[in-house]
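All residue numbers refer to positions in the sequence shown, counting from 1. These values consider heavy atoms only, across backbone and side chains, with no hydrogens, waters or symmetry-generated copies.
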Amino acid sequence: MICFMKSENYESRTYSILLLKSIFSVVDQVEMMTFRGELFKEIVHVLKDEISPKASKAALQLLINLCPVGRNRLKASEAGAVQVIVDFLLSHPSDRRFSELALTVLDLLCQCAEGRLELLKHGAGLSVVSKRILRVSRFASDRGVRIIHSIAKFSGSSSSVLQEMLQLGVVSKLCLVLQMDCGSKTKEKATEILKMHSRAWKNSPCLPMNLPS
């Protein structure tokens, strides 16, 4: 399958990624740990080349199936998945399904340090995630807030990251989440983020004086 994914024939690449998606949907999680980094590179290449909508969705679904395994998150991050997915979101601003799949992958990848670093290295990383919150669906909002939560919790010791979140409107978006009809878990995550860094963001006009407990 990897050989077919390397082919210059877009049809062969599409069929191979669709077949892999079907296979991996029933593969045991223990076996998921055995796949080499080469597989992740080819999945990312298929997504980057945008050979067809079906292939792109299958590539994202493959990463969703593979990346609950911690070691695979590292392999995917090293293969450039975060950078490609952020670019993908930038070029597909209005597609609900693509946004939900892409944010789900980013949520998984941001559960490892390498994934968070790659998101922060991309100039539009935080911005593109924040913009999807409250604009796509409740599911997308939940995944977006989860991504921001991972960044705030594990990378929030950097004052530059916190200032970037403030300047890009991430903090304002989190405040809006508390006022909108979002899921209770999403609101809990948003509240936790705001409380976590309330000192750094105390001068933000949107920050509630008394955050809900």
Side-chain angles (χ1 to χ4, degrees), residues 1-89 91-92 94-119 128-129 132 136-150 154 183 185-186 189:
M1 287 299 100
I2 290 177
C3 290
F4 282 119
M5 288 166 71
K6 291 180 177 180
S7 168
E8 294 183 3
N9 185 305
Y10 278 11
E11 190 174 13
S12 295
R13 295 177 74 190
T14 297
Y15 283 132
S16 62
I17 198 87
L18 289 171
L19 181 56
L20 280 174
K21 187 193 83 166
S22 298
I23 293 170
F24 282 14
S25 64
V26 295
V27 168
D28 186 87
Q29 200 167 52
V30 175
E31 293 181 15
M32 292 280 195
M33 300 173 64
T34 65
F35 298 115
R36 296 177 296 169
E38 184 181 15
L39 172 63
F40 293 86
K41 289 179 182 178
E42 294 310 319
I43 294 172
V44 171
H45 284 162
V46 168
L47 188 58
K48 183 177 181 180
D49 293 344
E50 296 193 42
I51 59 179
S52 74
K54 281 185 178 180
S56 295
K57 288 180 181 178
L60 289 168
Q61 190 62 61
L62 260 174
L63 291 173
I64 291 170
N65 291 339
L66 286 164
C67 290
V69 178
R71 187 170 306 212
N72 288 347
R73 294 173 194 154
L74 173 60
K75 293 174 185 175
S77 297
E78 290 178 340
V82 174
Q83 299 283 317
V84 169
I85 289 172
V86 171
D87 289 339
F88 190 86
L89 283 168
S91 62
H92 297 79
S94 59
D95 192 299
R96 181 183 66 84
R97 185 56 179 157
F98 274 135
S99 291
E100 290 177 346
L101 290 171
L103 290 170
T104 300
V105 179
L106 286 181
D107 175 30
L108 290 167
L109 297 183
C110 283
Q111 292 174 35
C112 75
E114 293 77 11
R116 293 189 294 272
L117 178 61
E118 289 302 309
L119 184 73
V128 78
V129 171
R132 290 303 188 284
V136 179
S137 65
R138 287 184 66 168
F139 182 87
S141 294
D142 175 70
R143 289 300 178 269
V145 170
R146 284 167 61 99
I147 293 165
I148 300 299
H149 185 272
S150 292
F154 298 106
K185 289 186 178 179
T186 303
K189 289 274 186 194

A.B. asks: Is the count of non-hydrogen atoms from other residues, nucleotides or ligands lying under 6.0 Å from K57 atom NZ greater than 12?
C.D. replies: yes
A.B. asks: Just wondering, do V128 and R132 contact through their side chains at under 4.5 Å, heavy atoms?
C.D. replies: yes
A.B. asks: Any side-chain heavy atom of L39 sitting closer than 4.5 Å to one from F24?
C.D. replies: yes
A.B. asks: Are any of the side-chain heavy atoms of E118 and L109 separated by less than 4.5 Å?
C.D. replies: no
A.B. asks: R143: what forms a salt bridge (charged side-chain N to carboxylate O under 4.0 Å, His left out) with it, not counting sequence neighbours?
C.D. replies: D107
A.B. asks: I need the T186 OG1 to H149 NE2 distance, nearest 0.5 Å.
C.D. replies: 11.5 Å
A.B. asks: Take E50 and S91 through the side-chain contact (heavy atoms from CB on, under 4.5 Å) test and state the conclusion after the steps.
C.D. replies: CA-CA 11 Å; E50 296 193 42; S91 62; 3.6 Å; yes
A.B. asks: Just so I know, are the side chains of I17 and I51 near enough to count as touching, which here means a heavy-atom distance under 4.5 Å?
C.D. replies: no
A.B. asks: Less than 4.5 Å apart, any side-chain heavy atom of K189 and any of D142?
C.D. replies: no
A.B. asks: Is any side-chain heavy atom of S99 closer than 4.5 Å to one of L89?
C.D. replies: yes
A.B. asks: Would you check if the side chain of R116 reaches a backbone N or O of C110 as a donor-acceptor pair within less than 3.5 Å?
C.D. replies: yes
A.B. asks: According to side chain to side chain donor-acceptor pair (under 3.5 Å), who are the partners of H45, at least two apart in sequence or on a separate chain?
C.D. replies: none
A.B. asks: Does the side chain of V46 reach to within under 4.5 Å of the side chain of E42, using non-hydrogen atoms?
C.D. replies: no
A.B. asks: Using a strict cut-off of less than 4.0 Å between a Lys/Arg side-chain nitrogen and an Asp/Glu carboxylate oxygen, indicate whether K41 and E38 qualify as a salt bridge.
C.D. replies: no
A.B. asks: Working note: V136 + L103, criterion side-chain contact (heavy atoms from CB on, under 4.5 Å); need CA distance, chi angles, decisive distance, verdict.
C.D. replies: CA-CA 11 Å; V136 179; L103 290 170; 5.8 Å; no
A.B. asks: How long is the straight-line distance from OG of S56 back to NZ of K48, given to the nearest 0.5 Å?
C.D. replies: 13.5 Å
A.B. asks: Taking atom NZ of K75 and atom CG of N72, what is their separation to the nearest 0.5 Å?
C.D. replies: 5.0 Å
A.B. asks: Closest heavy-atom contact between F98 and P53?
C.D. replies: CZ-O, 3.8 Å
A.B. asks: What closest approach, in Å, do A59 and L47 show between heavy atoms, and which atom pair accounts for it?
C.D. replies: CB-CB, 4.3 Å
A.B. asks: Can you find a heavy atom in the side chain of R13 that is under 4.5 Å from one in the side chain of D49?
C.D. replies: yes
A.B. asks: Indicate the atoms forming the closest heavy-atom contact of I64 with L101, along with that distance.
C.D. replies: CD1-CD2, 3.6 Å
A.B. asks: Would you confirm whether R73, through its side chain, and P68, through its main-chain N or O, come within 3.5 Å as a donor-acceptor pair?
C.D. replies: yes
A.B. asks: As an exercise, state the distance from OG of S77 to CD of Q83, rounded to the nearest 0.5 Å.
C.D. replies: 10.0 Å
A.B. asks: Just wondering, are more than 12 heavy atoms of other shown residues or ligands nearer than 6.0 Å to CZ in F139?
C.D. replies: yes
A.B. asks: Report the distance from atom CD1 of I147 to atom CD of Q111, rounding to the nearest 0.5 Å.
C.D. replies: 10.0 Å
A.B. asks: Quick one: CG on L66 to CZ on R71, what's the gap to the nearest 0.5 Å?
C.D. replies: 14.0 Å
A.B. asks: Begin from the C-alpha positions of Y10 and S52 and carry the test side-chain contact (heavy atoms from CB on, under 4.5 Å) through to its verdict.
C.D. replies: CA-CA 8 Å; Y10 278 11; S52 74; over 6 Å; no
A.B. asks: Which is it for I85 and L60 under the side-chain contact (heavy atoms from CB on, under 4.5 Å) test, yes or no, and what are the steps along the way?
C.D. replies: CA-CA 9 Å; I85 289 172; L60 289 168; 4.2 Å; yes
